[in-house]
Amino acid sequence: MCNFFILLIRIKLILISIISILDHIMSKDFNQLSPRAKQTYLDNLRHSTAHVLAEAVLKLFPQAKLTIGPPIEDGFYYDFDVKKSFTPKDLKIIEKEMRKIINKNTEFIEHEVTRTEAKLSVKNNSYKLEILDSISDNEKITLCSHSDGNFEDLCRGGHIKKTGEIKAFKLMSSAGAYWRGNEKRPMLQRIYGTAWESKESLEKYINKREEAIKRDHRKLGKDLELFFFDELAPASPYFLPNGTIILNQLYKYLRELYKKYEYKEVVTPQIFDTELWKISGHYSNYSENMYFIQQDEKEHGVKPMNCPGAALLYKSKSHSYRDLPLRLADFGRLHRYERSGVTHGLTRVRTFTQDDAHIFCTTDQIAPEIKSFLEMLSESYKTFQFNKLRFTLSTRPEKKVGNEKIWDNAETILKNVLDEFSSEYSIEDGEGAFYGPKIDVFVPDAIGREWQLGTVQLDFSLPERFNLEYTAQDGSRVNCVVIHRAMLGSMERFLGVLIEHLAGAFPLWLTPLQTIIIPIADRHINYCKSINLKLKDSGIRSEVDESNDRMNAKIRNAQIKKIPYMIIIGDNEIKKESISVRTRSKNDSNINSITNLIEKLNEEINLRSI
RNA sequence: GCCUCAGUGGCGCAGUGGCUAGCGCAGCCGAUUUGUAAUCGGCAGGUCGUCGGUUCGAAUCCGACCUGGGGCUCCA
């Protein structure tokens, strides 16, 4: 009996090794493909896995209606119209069912059908019928089947050969999603999954995801005591001393750039009579996102944007063409009511500060101003080593102010600047603001979700609504052009993305505590204090760890807090009047004198190196 | 706003109807004075998100609300 089990186990082991060898051969083939062919194969694989998912769901929940199941980055999803929602337990059961289908290793067969045949095959499914209606007459209509014809789905195509090719997949999560992405249409149940050409790739992906989750700014914000949230002010961050140091360093940096790029900074009010929001158009276009306050029998609006205030400030005196371009920076705090369910850590909040500025200029100055802004932006993003930037150009929406000619002109200017700027960008048709076209900059967070940071927008509406004029050379009164621009965007959002980008290990110039001095024994504390004094005198943020811990524990604590430099002091250092330096990255440091260290620290800070 | 999951000391978690709600870290006190990622011992800290209901009895079951997470929608 015992021998029999051993035999069984051996057979199983042999089978497993055969499978892994096959897997290896498969992935070797895959690795020889061109990057483009790789992507096509993965798309086909993922889309095919979605088909298998659909069959499994139908088997377990026969009343479910199929809708769509496309491949997405790293995986796929399938939307079902089904009464119940899927629990994590359901996902496990579905996954099991999928494995059964995969083990049968049946072929995916695509075949073309007539519209009538297609309609007949999906006659009870209003979603598929709607899809059919959206397919034009000159397009092919195809059905795809697998499991020897036991499962069939209306589908554009792009599959792998057999279900057995699906070697490595996992259902990740379920969520509600509106049909056709429209919140007025029914909510479907979506299942997200991931699929890869080999088990190794799947594992790699899952590990990478887990690592990324560790960099979540909400977790690091707590661990490093940067900020917190409280339910009495939902979606409104409190910045703790550590987080505030970082923010202030960012402001300091921005003000240096403003000096270089010739901006002037102003401060404007927080709350305005509703009258202002009526003039600016916010009252009719943006009031559902605004906070209102009733006072002295008057309605007031808390500012969601700085521009109307900036307009009033511009109007406070008369301007000549000689004043332009006038670049006014405003770090005003904004409040926007965001619907519950859309807020997200620091990256989507209800109160925030932008590194906002308004540039009042002539038409001729638009192009050079935008170019100069993009230069400043790229200079600053380089400082943070953001290398995965994505630029978009958003063009005229349906609801807009200004005539077609003005828009043509504005869009052309932005396009030319972007072309000259030689960065890749995509055009988002109809996504511009009602008052003008814009360029946006997107940066991904740890798990790849993109956040809009920088933005530059032309505005034809504001000068008209507020009558923002200047006196031209010929003495005539001309409306100026307003350019809204934010470089880092919202400081809160920027910090959130930055934390994830750096995994909480801030460069020396930003980090809350730059050096920590660790005495090995209490008798070393006085010497540590004298070192600390020297560092602080040179403007370094430094502390002595006087806790009762052992040196090892102090080093560990400093590592966890990601403090860039640890200075360790024992008998040897005191005897030689030197210091011993350890960096958080454990790079060897030959520095053994405090003077040299201070010099090096200041250099690193001034260069803002990462 | 919609779908869904969750909420237990500062943080991370255990506890699925029945003794006084546990554990680790952090904190405080004491001992220890140590050479490059955790020294030992003790103490203190929670009306289990809020309100209501079911029950002899609720952290645990039900409902509403609040807050947060994952999505969808939205995002001047």
Is there any protein nitrogen or oxygen under 3.5 Å from a nitrogen or oxygen in nucleotides 5-12 of chain B, and what are the pairs?
{"unit_1": "G12(B)", "atom_1": "OP1", "unit_2": "Lys222(A)", "atom_2": "NZ", "d": "3.4"}

Give the rounded distance in Å between these two atoms: CG of Leu188(A) and P of C3(B).
-> 13 Å
Is Glu573(A) touching bases, backbone alone, or none of the nucleic acid, heavy atoms closer than 4.0 Å?
-> base
Between C72(B) and Arg180(A), is there an OP1 or OP2 to side-chain N/O distance shorter than 4.0 Å?
-> no
Looking across every strand, which nucleic acid part, if any, lies under 4.0 Å from Gly489(A) by heavy atom: base, sugar-phosphate, or nothing?
-> nothing
Contact list for RNA chain B against residues 518-529 of chain A - heavy-atom distance below 4.0 Å | Ile520(A), Ala521(A), Asp522(A), Arg523(A)
Could you say whether Arg209(A) or Glu338(A) is positioned toward the 5' end of RNA chain B, judged by the nucleotide with the nearest heavy atom to each?
-> Arg209(A)
Kindly say whether, by distance alone, the side chain of Asn548(A) makes a donor-acceptor pair under 3.5 Å with the base of U32(B)?
-> yes
When all nucleic acid strands are considered with a 4.0 Å heavy-atom cut-off, which category describes Asn572(A): base, sugar-phosphate, or nothing?
-> base
Using a cut-off of less than 4.0 Å, is there contact between a side-chain N or O of Arg449(A) and OP1 or OP2 of G70(B)?
-> yes
Between the side-chain atoms of Arg348(A) and the base atoms of C75(B), is any donor-acceptor pair under 3.5 Å?
-> yes
Quick test: give all pairs of protein nitrogen or oxygen and nucleotides 40-48 of chain B nitrogen or oxygen below 3.5 Å, distance rounded to 0.1 Å.
none

Taking NE2 from His344(A) and P from C72(B), how many angstroms apart are they, rounded to a whole number?
-> 12 Å
Nucleotide G1(B), atom P - distance to CG of Asn182(A) in whole Å | 19 Å
Distance below 4.0 Å between Tyr337(A) side-chain N/O and C74(B) OP1 or OP2 = no
Using the P atom in both, what is the distance from U47(B) to G22(B), to the nearest Å?
-> 14 Å
Return no unless some side-chain N or O of Arg582(A) is found under 4.0 Å from OP1 or OP2 of A37(B).
-> yes
Would you be so kind as to tabulate the donor-acceptor pairs closer than 3.5 Å made by side chains of residues 171-179 of chain A, with sequence neighbours excluded?
{"unit_1": "Ser174(A)", "atom_1": "OG", "unit_2": "Phe86(A)", "atom_2": "O", "d": "2.9"}
{"unit_1": "Trp179(A)", "atom_1": "NE1", "unit_2": "Glu130(A)", "atom_2": "OE1", "d": "3.1"}

Looking only at side-chain N and O atoms, does Arg339(A) come under 4.0 Å of OP1 or OP2 in U73(B)?
-> no
Among Arg215(A), Arg449(A), His217(A), the one residue meeting side-chain hydrogen bond (donor to acceptor under 3.5 Å, both in side chains) with Glu500(A) = His217(A)
Any donor-acceptor N/O pair, Ser490(A) side chain to Glu492(A) backbone, under 3.5 Å = yes
Take atom CD of Glu450(A) and atom P of G71(B), then tell me their distance rounded to the nearest Å.
-> 14 Å
Where each residue is assigned the nucleotide of RNA chain B containing its nearest heavy atom, which of Ser280(A) and Tyr192(A) is assigned the position nearer the 5′ end?
-> Tyr192(A)
Residue-level proximity of residues 65-81 of chain A to RNA chain B when a heavy atom falls under 4.0 Å = none
How many Å lie between CG on Asp549(A) and P on U34(B), as a whole number?
-> 15 Å
In whole angstroms, how far is the P atom of U33(B) from the NZ atom of Lys554(A)?
-> 14 Å
Quick one, which residues of residues 169-178 of chain A touch RNA chain B with a heavy atom under 4.0 Å?
-> Ala175(A), Gly176(A), Ala177(A), Tyr178(A)
Drop me the distance from Ser85(A)'s OG to Arg190(A)'s CZ, to the nearest 0.5 angstrom.
-> 15.0 Å
When you check the phosphate oxygens OP1 and OP2 of G70(B), does a side-chain N or O of Arg218(A) lie under 4.0 Å from one of them?
-> yes
